[in-house]
A.B. asks: 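Got a structure here, written out as structure tokens. Questions coming.
Chain letters run A, B, ... following the sequence lines, proteins first and then strands; every chain starts at 1.
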Amino acid sequence: MPELPEVETVRLSIQKNLIGSVITAIDIHQRKLRQKIPLNFKQKLLKQKIFAVHRRGKYLLISTSYGIIIIHLGMSGRLLVKDITPKRTKHEHVTMTLSNGKLLSLIDPRRFGLVLWIKTLNHPVLKKLGKEPLTKDFSHDYLYNAAQKRKITIKQLIMDNRIVAGIGNIYASEALFAAKIYPLTPANKLNSKQCQILVTKIKSILKSAIKNRGTTFRDYVDGSGMSGNFQKYLKVYGRENQPCKSCRTKLQNIKIGQRNTIYCLKCQNQGNESQPSL
DNA sequence: CGAAACTCCTGAGCGC
DNA sequence: TGCGCTCAGGAGTTTC
């Protein structure tokens with residue numbers, strides 16, 4: 001499930017093949033994704049040149065000479081740059097032929113992904129997004145202030161893309177473990193120090209995951225089909241009933257907002273007065 | 001307004 | 001071997 005580090009890894013792996021290329025053909029085999037791919041998608045983008053590939057949260061932004069392609073990989077999405085082959089693979093919903101002889105291909109079995117053409121960055125999908133976690137704007141003051149007004153759990157807060165963009169279930173779970181914060185803690189019960197530690201851990205974990213080219217748990221691969229490495233460093237995600245890497249206590253699983261949340265009962269103290277150490 | 005429940009979708013994994 | 005069931009979950013929508 002691609003979160004910020006996986007999307008960034010895809011971006012880095014596809015950008016060299018895209019920049020400077022012209023889109024010479026577009027084939028849409030399945031329009032029904034999270035939103036329907038508009039009928040004018042092809043007409044807008046045909047013969048346009050690609051200038052840059054950016055990322056915002058979990059969204060990829062491909063800038064062309066006329067507008068921008070927004071791609072979200074949802075749960076099971078893959079965006080591959082590959083050689084042109086005669087037959088299309090299963091669940092290959094959109095392909096774009098490039099002037100350099102490559103094919104940009106979106107494969108998404110569960111169809112939770114998104115492909116849109118937008119004229120400018122001033123679009124509702126992007127405007128709703130919160131802070132970019134690896135920028136200075138995402139500070140402990142910002143998180144603390146955002147948390148003060150909210151009764152939801154801290155895990156739900158950091159997974160809310162309107163607050164901070166790009167953190168999903170894997171990295172939220174890992175960051176809370178690293179910060180020694182109990183995932184069910186109400187957001188407004190966190191003190192300033194805990195926010196500071198949490199922000200620091202979110203940044204360091206995301207950076208480390210990008211360095212390791214993301215987490216391959218099930219489906220995820222980068223733009224060239226290569227798996228990530230960060231799964232080797234996961235401390236809680238996917239480790240229900242296994243011993244905590246820090247204290248050997250059996251890790252617990254709870255549902256928070258319908259999502260599995262693995263945590264250590266001992267390391268992630270339930271008391272607000274706990275003073276997590278760095 | 002916030003919060004929680006519900007919705008979309010398909011492959012994998014399971015028991016029988 | 002294959003059927004039927006459950007689960008995974010990002011983000012939009014609905015309900016209260």
A.B. asks: As a test of understanding, state which of A:Asn17, A:Thr97, A:Asp83 forms a side-chain hydrogen bond (donor to acceptor under 3.5 Å, both in side chains) with A:Lys102.
C.D. replies: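 Only one of A:Asn17, A:Thr97, A:Asp83 forms a side-chain hydrogen bond (donor to acceptor under 3.5 Å, both in side chains) with A:Lys102, namely A:Asp83.
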
A.B. asks: For DNA chain B, whose closest nucleotide is more 5', that of A:Arg111 or that of A:Gly257?
C.D. replies: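 Result: A:Gly257.
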
A.B. asks: Rounding to an integer number of Å, can you tell me how far A:Asp108 CG sits from C:dA11 P?
C.D. replies: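 In whole Å, C:dA11 P lies 13 Å from A:Asp108 CG.
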
A.B. asks: Return yes if a side-chain donor-acceptor contact under 3.5 Å exists between A:Gln231 and A:Thr215, otherwise no.
C.D. replies: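 Absent: no donor and acceptor within the cut-off.
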
A.B. asks: Same cluster or not: A:Met96 versus A:Leu33, using hydrophobic residues (I, L, V, M, F, W, Y) connected whenever any side-chain heavy atoms lie under 4.5 Å apart?
C.D. replies: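 Yes, A:Met96 and A:Leu33 fall within the same hydrophobic cluster.
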
A.B. asks: Measure CZ/A:Arg259 against P/C:dA8 and give the value in whole Å, please.
C.D. replies: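 Whole-Å distance recorded here is 11 Å.
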
A.B. asks: Of all the choices, B:dA3, B:dG11, C:dA11, which nucleotide is nearest to the side chain of A:Lys90 once you look at every atom?
C.D. replies: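 In terms of side-chain proximity for A:Lys90, the closest of B:dA3, B:dG11, C:dA11 is B:dG11.
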
A.B. asks: Calculate the interatomic distance between A:Ile256 atom CD1 and C:dG9 atom P; express it in whole Å.
C.D. replies: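 For the pair A:Ile256 CD1 and C:dG9 P, the rounded distance is 12 Å.
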
A.B. asks: Counting only side-chain nitrogens and oxygens, does A:Tyr220 get under 4.0 Å of the OP1 or OP2 atom of C:dG9?
C.D. replies: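 No, no such contact exists.
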
A.B. asks: Is there a side-chain contact between A:Lys151 and the phosphate of B:dG2, meaning an N or O under 4.0 Å from OP1 or OP2?
C.D. replies: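 The answer is no; no side-chain N or O of A:Lys151 sits under 4.0 Å from OP1 or OP2.
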
A.B. asks: Can you tell me which nucleotide in B:dT10, C:dG9, B:dC9 comes closest to the side chain of A:Met75?
C.D. replies: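 Nearest listed nucleotide: C:dG9.
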
A.B. asks: With a 4.0 Å limit, can you tell me whether A:Lys255 has a side-chain N or O closer than that to the phosphate oxygens OP1/OP2 of B:dA4?
C.D. replies: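 For B:dA4, neither OP1 nor OP2 has a side-chain N or O of A:Lys255 closer than 4.0 Å.
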
A.B. asks: Please determine whether a side-chain nitrogen or oxygen atom of A:Lys58 lies at a distance below 4.0 Å from atom OP1 or OP2 of C:dA11.
C.D. replies: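 Answer yes for this pair, as a side-chain N or O of A:Lys58 is under 4.0 Å from OP1 or OP2.
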
A.B. asks: Within the pair A:His91 and B:dT10, is there a side-chain N or O less than 4.0 Å away from OP1 or OP2?
C.D. replies: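 Checking A:His91 against B:dT10: no side-chain N or O falls below 4.0 Å of OP1 or OP2.
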
A.B. asks: May I ask you to verify if any side-chain N or O of A:Arg110 is less than 4.0 angstrom from the OP1 or OP2 atom of C:dA8?
C.D. replies: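 The answer is no; no side-chain N or O of A:Arg110 sits under 4.0 Å from OP1 or OP2.
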
A.B. asks: Is there aromatic stacking of A:Phe112 against C:dA11, centre distance under 5.5 Å, plane angle under 30°?
C.D. replies: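 Here A:Phe112 fails the 5.5 Å or the 30° condition.
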
A.B. asks: For A:Ser21 and A:Asn100, which I'm curious about, is there any donor-acceptor pair between the side chains at under 3.5 Å?
C.D. replies: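 Side chains of A:Ser21 and A:Asn100: pair found under 3.5 Å.
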
A.B. asks: Looking at A:Arg78 and A:Asp108, does any basic side-chain N land under 4.0 Å from a carboxylate oxygen?
C.D. replies: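 Looking at A:Arg78 and A:Asp108, the cut-off is not met.
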
A.B. asks: Round to a whole Å and report the spacing from CE of A:Met159 to C1' of B:dA3.
C.D. replies: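 Spelled out: CE on A:Met159 to C1' on B:dA3 is 16 Å.
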
A.B. asks: Round to a whole Å and report the spacing from CD1 of A:Ile37 to P of B:dC8.
C.D. replies: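 Spelled out: CD1 on A:Ile37 to P on B:dC8 is 19 Å.
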
